[in-house]
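Hydrogens, waters and symmetry mates are skipped; everything else that's a heavy atom, side chains included, is used. Bear in mind the structure is a predicted one, so any value in this text is a computation, not a measurement.
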Amino acid sequence: MSLNKLEPLLIEKLAELQKQGLCKGNEKVITGMKAAADGFGIRYFLEGYGDRAFLRMNSNSYLGLAVHPLVIKAEAAAAEKFGTGPGAVRFISGTYQPHIKLEQKLAKFHGRESAMLFSSAYTTMLGVLPQFITADTLIISDALNHNCIINAIRLSHPAGKEIYAHADINALDNILEAYQGRVKRVCLVTDGIFSMRGDYADLDKISACCKRHEQAYEQGIISIVDDSHGVGAFGRTGRGTEEYTRGKADILIATLGKAFGVNGGYVVSSSTVIDYLRETSPFYIYSNPITPAEALAASAALDIVSSPEGLHLLEKLRAFSVRLRAGLDQLGFETLQGEHPIVPILTRDTEKTSALVTHLLAHNILVTGLNYPVVPQGEQEIRLQVCAEHTEKDIDYLLTKLADFQ
């Protein structure tokens, strides 16, 4: 047996991806950090770039908690006490006290009866959505939903699948009207914050639309929301899209790996739903959980978000996001208005996107460019992400370099 016959096919596929512009290319390797100084925030060193220190404008660590002393201390102490890994899946012997306490805190944080941890938010969606899909279920999905939702739908076997135009409540209403009498259950799934644009699903309007039609479906309409980019970074107290829109999902999925600065994903809902998922979700049953140390670190991060310090970090995050959007407007860049720290520059041109990424890299700024065919033609963009570890001088430095590009 060998790879001799397979590898030429893989090389051909890689060449095809390269030609289509879909290859990610070599990953930039972070080798260290430079402490904040002289009014500037943390800088990062990269392998192959010598002593150049880079401003990261493409990090999901919105509140800067990945480098918070209390979070680091909590993880270190837990590693000393429990070791570096769980050693087993949850139902065998991999459940530790920090897992249980974190789940209790997450349920309380979101005002739910129960919570359940997964190894990531991506696997949470894969492990949750298919468990509520039957041969009598219709899945309805927003057109801009994240890849994890797309793949979770592929793992499901519904009676039907409908995709509505992004954030179009009228289109959702028409679908729910059209399927009455054809299926028993509807599962509506959407991002809370849409990761490429930083805009949000209006959960209040979505809930109202679903309630208007629920009586027409024998097993009701279930809403599942992935708010991984919203929780901890959006809403006055960081409760995410639910807090901002005053809407509520039946089942809420989020991550510990963005605003909370650690690793892992979770789902919150009623105790019945969580009990059902513990017994049926293969991504929970057959996969190791996050480490006890990660669980305790996430618990510390949750405490910070729920404290006066957390409110201050959220206010700082909103202020910097406003400052960046205002600066982009003044420079003539097209962006989307809002309060979320994802701030896109809509270049709408592949060559301009690549040139801008290269220009900023030359000035020690890391950004993410999204080009066709990763995004539709005419939707090319640079996704900027503001973090609380940034400073006003960081934002102004970025704007200065963007002005130079103009």
Side-chain angles (χ1 to χ4, degrees), residues 56-60 62 141-147 149 163-172 190-206 225-236 238 240-245 247 258-259 314-350 352-354 356-357 360 365-372 374-388 390 394-396 398-399 401-403 405-406:
R56 286 176 81 191
M57 294 302 305
N58 56 359
S59 169
N60 296 322
Y62 295 117
S141 177
D142 187 288
L144 292 189
N145 275 344
H146 190 267
N147 180 267
I149 294 176
I163 299 173
Y164 61 94
H166 177 53
D168 190 337
I169 303 299
N170 288 332
L172 171 61
T190 181
D191 285 335
I193 294 293
F194 294 89
S195 60
M196 297 302 175
R197 299 162 59 92
D199 59 342
Y200 61 89
D202 198 325
L203 300 185
D204 187 42
K205 291 180 181 178
I206 289 173
V225 175
D226 183 340
D227 203 24
S228 291
H229 282 275
V231 173
F234 198 50
R236 191 187 70 84
T241 308
E242 288 190 330
E243 179 178 29
Y244 189 85
T245 64
K258 291 183 170 60
L314 283 158
E315 290 170 2
K316 184 179 180 183
L317 192 62
R318 284 190 292 271
F320 287 171
S321 300
V322 168
R323 189 183 189 93
L324 178 55
R325 282 186 170 88
L328 292 175
D329 284 341
Q330 290 176 3
L331 293 175
F333 285 100
E334 182 184 358
T335 188
L336 296 177
Q337 296 306 310
E339 294 185 17
H340 193 272
I342 292 176
V343 184
I345 297 176
L346 301 174
T347 58
R348 304 194 184 280
D349 180 84
T350 293
K352 184 176 181 180
T353 301
S354 298
L356 185 49
V357 171
L360 292 175
I365 302 171
L366 300 176
V367 300
T368 298
L370 302 168
N371 270 327
Y372 175 81
V374 176
V375 294
Q377 192 67 264
E379 296 294 324
Q380 295 93 326
E381 68 169 82
I382 302 285
R383 183 177 72 172
L384 303 174
Q385 290 167 279
V386 179
C387 298
H390 292 148
D394 290 333
I395 302 301
D396 292 344
L398 169 64
L399 291 169
K401 298 310 171 184
L402 286 169
F405 181 79
Q406 292 285 74

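- L384 has its side chain within reach of L398: a pair of non-hydrogen atoms, C-beta onward, lies under 4.5 Å apart.
- Taking 4.5 Å as the limit, every side-chain heavy atom of R323 sits out of range of all side-chain heavy atoms of V386.
- Between P341 and S321, the shortest heavy-atom distance links the atoms CA-OG, 3.3 Å.
- You'll find the side chain of R236 stays beyond 4.5 Å of the side chain of L314, heavy atoms only.
- At least one donor-acceptor pair under 3.5 Å links the side chain of T335 to the backbone N or O of P344.
- Within the 3.5 Å criterion, the main-chain N or O of A388 finds a donor-acceptor partner in the side chain of K316.
- Relative orientation of the Y200 and F234 rings is tilted, given thresholds of 30° and 60° on the angle between their planes.
- With hydrogens and angles disregarded, a donor-acceptor distance shorter than 3.5 Å links the side chain of H390 to the backbone of R56.
- Note that CD of Q385 is 11.0 Å distant from CG of L317, once rounded to the nearest 0.5 Å.
- Separating the CG atom in L172 from the CD1 atom in I206 is a distance of 6.5 Å, to the nearest 0.5 Å.
- T241 and D227 share a side-chain donor-acceptor pair at under 3.5 Å.
- Minimum interatomic distance between I163 and D142 (heavy atoms only, all atoms of both residues): CG2-C, 4.1 Å.
- The nearest pair of heavy atoms linking L331 to A403 is CD2-CB, 3.6 Å.
- To the nearest 0.5 angstrom, L144 atom CG is 9.0 Å from S195 atom OG.
- Proximity of the aromatic rings of F194 and H340 is defined here by a centroid distance below 6.0 angstrom, and this criterion is not met.
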Just do the side-chain contact (heavy atoms from CB on, under 4.5 Å) check on H166 and D199 with the steps written out, would you? CA-CA 10 Å; H166 177 53; D199 59 342; 2.6 Å; yes

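- Distance check, rounded to the nearest 0.5 Å: CG of N371 to CD of E379 gives 12.5 Å.
- One distance of note links OG1 of T368 with CE of M57; it measures 10.5 Å at 0.5 Å rounding.
- Side-chain atoms of N145 come within 3.5 Å of backbone atoms of D191 as a donor-acceptor pair (strictly under, hydrogens ignored).
- No side-chain heavy atom of T190 sits less than 4.5 Å from a side-chain heavy atom of I149.
- Here the closest non-hydrogen pair linking A259 and A233 is CB-N, 4.1 Å.
- To the nearest 0.5 Å, atom CZ of residue R325 and atom CD of residue E339 are 8.5 Å apart.
- For the pair R383 (side chain) and I342 (backbone), a donor-acceptor distance under 3.5 Å is absent.
- Side-chain contact check for V231 versus K258: every heavy-atom pair is 4.5 Å or farther apart.
- The minimum heavy-atom distance linking T353 with E381 is given by the pair CG2-O, 3.6 Å.
- Minimum heavy-atom separation, G369 to I382: CA-CD1, 3.9 Å.
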Apply side-chain hydrogen bond (donor to acceptor under 3.5 Å, both in side chains) to the pair T350 and Q380, showing each step before the final yes or no. CA-CA 6 Å; T350 293; Q380 295 93 326; 3.0 Å; yes

